[in-house]
Amino acid sequence: MRREPAGDVVRRTILKIPLTEMMTILKTWNFLSENQLQTVNFRQRKESLVQDLVLLCEENRASLNDAALLDIIYTQFHRHQKVWDVFQMSKGPGEDTDLFDMEQFKSSFKKILKRALKNVTVSFRDAEENAVWIRIAWGTQYRKPNQYKPAYVVYYSQTPYAFTSSSQLKSNLPLLGQALTVASKHHQIVKMDLRSRYLDSLKAIVFKQYNQTFETHNSTTPLQERSLGLDINMDSRIIHENKTEKERVQRVTQEIFGDYPQPRLEFAQYKLETKFKSDLNGGILAEREEPLRCLVKFSSPHLLEALKSLAPAGIADAPLSPLLTCIPNKGMNYFKIRDK
Amino acid sequence: MELANTLSQDGESRGGVLAHLERLETQVSRSRKKMEEPQSAQAEESALGTRIHELRRLRDKLRAEVKQHQASVKASTTNVESDQTSEITEQESLKRKRENVKAILQAYRFTGISGKLTSRGACVCISTAFEGNLLGSYFVDLVMRKPLQIHHHSIPVFIPLEEISAKYLQTNVQHFLFTLCEYLNAYSGRKYQADRLQSDFEAFLAGPLQRNSLCNLLSFTYKAEPEGQSFPFCARLLYKDLTTTLPTDVTVTYQGTDALSTTQEEQRAAHENLFFTKPLHQVFTSFARKGDKLDMSLVS
């Protein structure tokens with residue numbers, strides 16, 4: 001492996017790291033020793049700091065794999081900077097027990113990619129919960145791998161789900177899918193209609209980990225006795241005219257959204273291909289045979305919490321449309337709605 | 001008083017005849033009053049006396065009534081009090097019973113499968129254990145509808161919940177829960193063994209323990225004597241049956257170029273057998289004990 005691309009990848013990656021995180025990330029990388037780190041002045045200007053660090057890395061003869069590891073660590077710290085897709089794999093019926101061997105998976109995955117594309121860099125980093133982060137730098141038959149637009153894959157062993165950072169190089173997606181499927185001993189792979197920057201929320205949604213409150217005999221506060229948001233300490237001169245309705249809305253909202261923090265998504269997109277429906281007879285649109293095509297997109301810093309607050313705020317009727325409330329349950333935030 | 005002073009100062013009556021007449025008049029009226037006083041006083045006295053008698057009579061009457069009332073009240077309050085105290089003890093005993101029942105319900109989790117009724121149906125708690133150690137608890141919240149549905153759960157994603165539900169949930173809920181219980185207990189047991197190996201017997205491992213989510217494939221290199229000259233063996237344990245805590249396949253190999261001597265081969269085979277029959281951490285505990293024995297023999 002040439003050292004040049006390694007050094008360049010190291011330099012570019014370190015440049016991206018904010019000064020506040022520099023020490024933590026370098027320690028996690030564990031490529032430079034404690035002594036070496038102590039020789040560096042972390043208070044100098046960033047350009048000079050980066051130069052010093054790159055020199056040390058060259059001294060240690062950083063390989064491309066070392067550089068790739070640093071890149072993976074940076075991405076793990078800044079996972080929100082990428083947009084993640086979710087893939088679902090399935091096995092055939094009556095399969096034997098999944099005896100997942102991480103080393104076998106890694107070597108199989110790498111072999112499949114290398115066999116198809118001579119020029120590809122594949123790096124792995126083990127993560128907690130028996131997961132692995134994979135970094136793939138794509139090349140072609142004739143071009144060296146592009147180290148600056150890698151794809152990332154996060155896979156939790158013995159689960160049917162894989163999370164990939166949306167890559168611009170869409171042409172490599174089938175190959176990636178194949179490598180994942182074969183290496184993890186699945187038969188099929190399908191892209192889910194689920195996408196977000198928040199990797200941990202995607203994981204919570206597909207692993208069904210977002211609602212973890214359960215009624216037990218050990219719980220001291222019964223779930224029903226929640227304050228219904230109508231403050232008792234409020235001025236007694238204020239009467240809630242529609243108290244029953246407010247209580248109903250709170251109850252319905254709680255039934256649908258639960259008491260737990262919602263997983264974080266930034267948008268929900270609905271592609272409509274439906275014929276125009278109108279109560280009034282006549283009108284140009286009503287006579288139209290072809291379906292109308294339109295796109296409705298809801299965006300929010302925290303979409304599900306925003307939807308949860310719509311009915312209590314009086315902006316929407318409760319219960320909300322199931323098209324909105326089914327998002328975590330169905331694991332979808334992309335919808336195509338057609339006439340039946 | 002003025003009169004007396006006037007007379008004594010002058011020796012003569014002041015004011016003349018009219019004044020003198022006035023003085024005489026006042027004297028007469030005074031003496032008359034004095035004569036009348038005893039009479040009116042007497043009349044008053046007698047009137048007051050009668051009044052006193054009357055009041056006394058009334059007082060005595062009221063006193064008698066009060067006494068009577070008090071007596072009757074006392075009689076009734078003693079009855080009421082005894083009722084109240086018995087009520088209190090009844091309340092206390094009910095409270096105690098309720099707390100007792102609550103404690104029993106809380107303790108039910110030690111049986112492995114326990115549950116609580118919810119507004120939707122029931123929330124079942126599966127508590128896992130291995131070798132008398134209480135391990136994780138997992139929940140399944142069921143909705144009592146036709147078809148029976150799982151509302152939400154805390155079963156790890158790598159446990160084949162969908163498979164088990166598809167087979168048993170609609171036809172035999174008991175079997176569904178027992179099967180799930182089996183899988184979860186076995187998983188917890190395998191995980192417990194792997195965790196113990198990693199934490200308690202680090203010294204015996206030559207490299208990191210390779211494991212997976214289900215803890216059904218474990219691969220590691222170890223030395224039976226961490227300090228000694230025993231050879232490093234590679235062990236590969238497969239648990240093909242997800243309902244067991246002992247491996248179904250064991251391979252112990254020697255990672256070296258030289259061939260194994262007979263004793264080493266015996267050791268290798270013995271280790272293989274140990275891994276088949278004993279939980280993983282217990283195997284290493286026996287390695288540790290053998291090591292102690294050897295040390296003792298060296299000392300003596």
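In the text below, chain A, chain B and the rest are named by the order of the sequence lines, each starting its count at 1.
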Counting only heavy atoms from other residues, nucleotides and ligands, does the tally under 6.0 Å from [atom1] of [X] exceed 12?
{"X": "A:K330", "atom1": "NZ", "result": "no"}
{"X": "B:Y108", "atom1": "OH", "result": "no"}
{"X": "A:Q188", "atom1": "CD", "result": "no"}
{"X": "A:E245", "atom1": "CD", "result": "yes"}
{"X": "B:Q170", "atom1": "CD", "result": "yes"}
{"X": "B:N172", "atom1": "CG", "result": "yes"}
{"X": "B:K191", "atom1": "NZ", "result": "no"}
{"X": "B:E163", "atom1": "CD", "result": "no"}

Is it the backbone or the side chain of B:Y239 that comes under 4.5 Å from a heavy atom of chain A, or both, or neither?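 For B:Y239, the backbone is the part near chain A, not the side chain.
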Looking only at non-hydrogen atoms, find the nearest pair between B:S213 and A:Q158 and report the distance.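 Smallest heavy-atom distance, with atoms named: N-OE1, 3.2 Å.
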Distance-minimising heavy-atom pair for A:F214 and B:H153: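 Where A:F214 meets B:H153 most closely, the heavy atoms are CZ-C, 3.5 Å.
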Please report the interatomic distance [atom1]([X]) to [atom2]([Y]), rounded to the nearest 0.5 Å.
{"X": "A:N211", "Y": "B:S154", "atom1": "CG", "atom2": "OG", "value": "10.0 Å"}
{"X": "A:D101", "Y": "B:L218", "atom1": "CG", "atom2": "CG", "value": "10.5 Å"}
{"X": "B:F139", "Y": "A:Q212", "atom1": "CZ", "atom2": "CD", "value": "9.5 Å"}
{"X": "A:E103", "Y": "B:S219", "atom1": "CD", "atom2": "OG", "value": "8.5 Å"}
{"X": "A:K208", "Y": "B:I150", "atom1": "NZ", "atom2": "CD1", "value": "11.0 Å"}
{"X": "B:Q106", "Y": "A:T216", "atom1": "CD", "atom2": "OG1", "value": "7.5 Å"}

Tell me, side chain or backbone of [X] under 4.5 Å from chain B's heavy atoms, or both, or neither?
{"X": "A:E129", "value": "backbone"}
{"X": "A:D126", "value": "neither"}
{"X": "A:Q209", "value": "neither"}
{"X": "A:Q104", "value": "side chain"}

For the candidates [options], which exhibits the highest count of non-hydrogen atom pairs separated by less than 4.5 Å from chain A?
{"options": "B:D241, B:L238, B:N216", "answer": "B:N216"}
{"options": "B:L217, B:N212, B:I155", "answer": "B:N212"}
{"options": "B:L214, B:L242, B:D141", "answer": "B:L214"}

Is any side-chain heavy atom of B:R211 less than 4.5 Å from a side-chain heavy atom of A:N130?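 SC-SC contact between B:R211 and A:N130 confirmed.
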Strictly distance-based, threshold 3.5 Å: is any side-chain N or O of A:H217 a donor or acceptor partner for the main-chain N or O of B:G115?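 At least one qualifying donor-acceptor pair exists.
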